[in-house]
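Everything on this sheet refers to the single structure shown next.
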Amino acid sequence: MDPAFKTGWKLPKKTRNAKSVLQEEQKRVGSLPPDTPTYFSVEGPPSLLPAKHYCDITGLPAPYKTAGGLRFHNKQVYEIVMSLGPGVDQEYLKLRNANLVLK
Amino acid sequence: MVYTLNDTPVPQEPAKPSNVWKEKVPIVIDMGSHETRIGMADQSKPAHVFTSRTAKYRDRKNNKNITAAGNDVLLDPIAKQNSKSPYDGLFLVNWDSVEQLLDYSFHLLGVKSKGRVKNPIIINEQFAVPKMPRRTLCELLFEAYGVPAVGFGVDALFAYHKNSKPSQAGVIVHGGAEATFIVPILPGGEPDLTNAKRINWGGRHAAEFMQSLLALKYPLFPTRVKVSEAEMLIKEHCYVSQDYQNELEHYLDLDGLEGRERIVQAPIVTLGNEKTEQELEAIAERRKESGRRLQERTAKIRAEKLAQQQRDLEILENLRETEDENEIRKNGFESLKSLDCVIKKLQIAVARAQGEEVDEEEEEPPVLPLVDVPDEQLDPETLKEKRRQKLIKASYDARQKAKQEKREAAAAAAEAIAKDDEWRTNNFDEWVAAKRHELKILQQAARDREKLRQELSDRKSLASQMRMKSIAELAGEGGARKRRKKNDDGEDDGFGANDDDWQVYIRKEDGEDSDAEQEQERISELQRVLLEHDPDFTTADLFGEKIDWRHSIVHKFLYGAHELDPENHEQAYQLNLNIERIRVPEVLFQPDIAGVDQAGVTEIVTAMLVSRYPKDVGENMAKNVIVSGGLANYRGFAERLHSELQRNLPSGTELNVRKAENPDVDAWCGMASWAKEPVLISKSEYQKHGAEYFKKHNCSNV
């Protein structure tokens, strides 16, 4: 039952997801003058500074990298890296979106 | 100090309406993706703050539809599990949920008007929001609630205006649950949305990041850390490092680590705790009882067997006493001798059963008269018998030989031990040195073997390549032979003289061959005697040269400044937060840490202040940098931003970075004070121009 303060008007079924909202917005933005601020134009730009590398396991500074792309701090951490089960290295890489995605 | 792992606090009871509703006063709603704050515009702070979640599900048991919104969702575990957010990422999409939250809000405020909500509504919208969500929200408010007017605005801008003088220039850094916004405000107070930026990292991402970090750090942790718990961990233990690189490098130094680490105790869950202690006792009792019964039964069977054997023995002994060959033959025995043999066996068995020590007597050599008689002298019948006797003799001889060998080996071992003892008593130092040396060599060999095994498992390692080379050479036999002839005139190249050459043939899988096992046994034996006799050799040495935990960065990372006690049940449920404390908040300054390909907060603000505007405007803005939203709650965020900006800006620039007064509610308060002179869209305007009609103001989108 509706609360007393409502008119009884029903919103047409409109549950969407973010993706469809963005698609619609993309269409709309195409027809706008170029420097109108939109969801897409306010997206932060990529960094121009050199990225520092950190150990994927511990977070410490990491001067080394394995063949699989995992960064590690020192020999002790390397031993851990070598003992990781299958797929765990990808889980670590996923933390910084560097995992291999099979499509 | 050990902290506890906390979840979002659950209210004691459903929220009660505050009934602060008044006619004509605007209702202010700040519906964030994490929390919703509501109140009347004439209040100084929001009347209600609740989590932006709603639940709607059918209770099959009672055949009832259950709806809940806000903090009431947290009261019911099933509702909590089924709860939804009105947002998907940054956008309002789940309109059922929006409507439910609005209903709940008006109910809590105690709206009394019938048929419609007669108050103007001030409601927030996300920064640079797409058209669709705003249009739907507009429709919903005007049509379903019949409100007279609506004012839209961006919460970040309201928070800015709450914290600065009217029409002052500046920059607002506003961090929410889904994203962080950085908006420059021009002199006059108007936001410059064209140059505003969004970093796609918010409180929710940080909590999920923390959750994944912990799941990977403790893969065997008995319980799973929930996102809501990770969120609380960040709130309670994380802070922004003022000098990340430097602090990071020394974070795990033993010196002072106890002060830096945070030990968090998760609730201990014991498996099968549904059973009470009494039940457990009863089960143990039952188990004991059945064991006892089993024991009794076997004892009984054994006793019966013993009695039977004793009876048999008695009968046979009586028979033996008659010494009547005929009688004996009648009872199935070949001769007196074979009867004696059986009696003897029985006697031993009985004595054993009665628990007496019986020396196994020397087996008498069997009488085998035919073995030495040449075949020619025998008829077929006796020849057969001879063959049988030969077999008996062979097995008897083998048994004797084995016994002899066993005796000799025992004697040799005893002698070796005696010799070793003598050596030890006479020249202890030399003995210890020798044993230790042997142990060291064996352990080194074991390590080398392990290393080789690992290297062979890597196809690109030097060891693997050498092995492949040898195999290839062996395979190309013809060529190899030719070459050998040429070089050595048919002489052997000496391959195989060295034992290590044969390693070539050992397959990778055979790494743990019998040799290795024997060596391992010898290692444990050596360790045992050293442990027994050498006062300097302690259990700590047992692990060879295993590094002390104090020097192990991995140990300190996982367990902090304490030795791990595998028996300690509480420790198994402890999380040790150390580097995570600064690693998680650092993402806002270096988004690359979490794989977000965007510039950090400092870089973006610096670019705004230095290169986007004329010098005087930039300098004006630098005087008023405000940090608000959830991220302002990170300890040290404003200070870090201040020191980094100071380094990047031209020297002499006056800089002022400060945290919003009340980061959580300032947006709402800003909205409430804006409601005094609002820019509203009235119902008639809505009806005339449609849902996309919009009015621009200082706190709005465009």
Side-chain angles (χ1 to χ4, degrees), chain A residues 2-11 13-22 24-26 28-29 35-49 51-61 67 73-74 76-77 79-80 82 85 88 91-99, chain B residues 88-91 93-96 99 103 106-107 111 113-117 127-133 136 139-140 143-146 193-194 196-200 209 212-213 216 219 245 248-249 252 454 552-554 557 579-580 583 590-600 603-604 702:
Chain A
D2 273 346
F5 48 74
K6 284 180 88 172
T7 58
W9 180 86
K10 284 275 172 286
L11 190 77
K13 257 282 179 251
K14 261 199 178 156
T15 304
R16 306 264 186 101
N17 54 22
K19 212 174 149 190
S20 67
V21 171
L22 280 179
E24 197 167 308
E25 182 71 358
Q26 189 94 58
R28 188 183 76 91
V29 166
D35 54 346
T36 318
T38 63
Y39 175 82
F40 307 101
S41 74
V42 299
E43 174 99 25
S47 177
L48 298 174
L49 303 172
K52 293 190 178 108
H53 296 164
Y54 300 102
C55 175
D56 283 311
I57 315 291
T58 61
L60 292 163
H73 174 66
N74 66 5
Q76 287 167 24
V77 181
E79 277 166 24
I80 298 292
M82 284 294 103
V88 182
E91 290 291 310
Y92 272 111
L93 288 172
K94 205 171 158 189
L95 284 178
R96 54 181 170 90
N97 269 334
N99 55 331
Chain B
D88 178 7
L90 279 168
F91 315 123
V93 289
N94 192 355
W95 294 102
D96 273 351
E99 200 173 343
D103 285 353
F106 296 139
H107 160 73
V111 174
S113 52
K114 292 271 176 290
R116 61 196 195 94
V117 178
F127 176 60
V129 73
K131 268 275 142 64
M132 209 276 281
T136 316
E139 256 172 36
L140 186 69
E143 301 288 354
Y145 297 94
L193 298 178
T194 323
K197 292 287 172 256
R198 178 189 66 234
I199 300 174
N200 296 322
F209 187 57
S212 314
L213 281 179
L216 285 167
Q245 206 65 19
L248 186 66
E249 262 166 48
L252 291 181
Q454 271 185 6
S552 164
I553 233 144
V554 174
F557 172 62
I579 290 180
E580 295 82 7
R583 186 180 181 183
Q590 301 182 52
D592 191 55
I593 290 180
V596 178
D597 188 20
Q598 289 185 309
E603 204 182 334
I604 289 180
V702 287

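Below, each value reflects all heavy atoms present in this structure, side chains not excepted, and no hydrogens, waters or symmetry copies. What you are looking at is a predicted structure, and each value in this text was computed from that prediction instead of being measured. Residue numbers begin at 1 in each chain, while the letters A, B, ... track the order of the sequences.
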Does the A:Thr7 side chain pair with the main chain of B:Glu143, one donor and one acceptor, at a distance under 3.5 Å?
yes
Rounded to the nearest 0.5 Å, how far does CG of B:Leu193 lie from CG of A:Asp35?
12.0 Å
Pairs of heavy atoms under 4.5 Å with chain A: top-ranked of B:Gly146, B:Ala196, B:Ser212, B:Pro133:
B:Ala196
Contact part of B:Arg583 toward chain A, heavy-atom cut-off under 4.5 Å: side chain, backbone, both or neither?
side chain
Can you name the closest pair of heavy atoms from A:Leu11 and B:Trp95 and give their distance?
CD2-CB, 3.4 Å
Structural part of B:Pro219 lying under 4.5 Å from a heavy atom of chain A
neither
With rounding to the nearest 0.5 Å, note down the distance linking NE2 in A:His73 to CD1 in B:Ile579.
8.0 Å
Okay, A:Leu93 and chain B: the region with an atom under 4.5 Å from a heavy atom over there is neither
If you measure from CD1 on B:Ile553 to CD1 on A:Ile57, what distance do you get to the nearest 0.5 Å?
13.5 Å
Top residue by heavy-atom pair count (under 4.5 Å) with chain A, among B:Ser113, B:Ala128, B:Gly115?
B:Gly115
To the nearest 0.5 Å, what is the distance between CD (B:Glu99) and NZ (A:Lys10)?
6.0 Å
Under 4.5 Å from any heavy atom of chain B, what part of A:His53 do you find: side chain, backbone, both or neither?
neither
Between A:Ser47 (side chain only) and B:Gln598 (backbone N and O only), is there a donor and an acceptor less than 3.5 Å apart?
no
Does any heavy atom of chain A fall under 4.5 Å from the side chain of B:Leu216, the backbone, both, or neither of them?
both
Shortest non-hydrogen separation from B:Val129 to A:Glu25 and the atoms involved
O-OE2, 4.3 Å
For a 4.5 angstrom cut-off between non-hydrogen side-chain atoms, does B:Ser552 reach A:Gln76?
yes
Any B:Phe557 side-chain heavy atom under 4.5 Å of A:Leu60 side chain
no
A:Gly59 and B:Leu248: which non-hydrogen atoms are nearest, and at how many Å?
O-CD2, 3.2 Å
Chain A contact via B:Ile604 - which portion, at a heavy-atom distance below 4.5 Å
side chain
Which side-chain N or O atoms in residues 590-597 of chain B pair as donor and acceptor under 3.5 Å with protein atoms at least two apart or in another chain?
unit_1	atom_1	unit_2	atom_2	d
B:Gln590	OE1	A:Tyr54	OH	3.1
B:Gln590	NE2	A:Tyr54	OH	3.1
B:Gln590	NE2	B:Glu586	OE2	2.9

Which residue out of A:Ala51, A:Pro61, A:Ala98 racks up the most heavy-atom pairs below 4.5 Å with chain B?
A:Pro61
Nearest-0.5 Å distance, CE of residue B:Met132 to CD of residue A:Glu24:
5.5 Å
Nearest non-hydrogen partners of B:Phe209 and A:Leu95, listed with the distance
CE1-O, 3.8 Å
Considering only heavy atoms and a distance below 4.5 Å, find which of A:Ser41, A:Ser20, A:Ala18 pairs most often with chain B.
A:Ala18
Given B:Asn200 and A:Glu43, is the side-chain contact (heavy atoms from CB on, under 4.5 Å) satisfied, shown in steps?
CA-CA 8 Å; B:Asn200 296 322; A:Glu43 174 99 25; 2.8 Å; yes
Where on B:Tyr145 is there a heavy atom nearer than 4.5 Å to chain A: the side chain, the backbone, both, or neither?
both
Check whether A:Lys94 gets within reach of chain B through its side chain, its backbone, both or neither, counting any heavy atom under 4.5 Å.
neither
Describe, in one word, how the ring planes of B:Phe106 and A:Phe5 are oriented to each other, choosing from parallel (under 30°), tilted (30 to 60°) and perpendicular (over 60°).
perpendicular
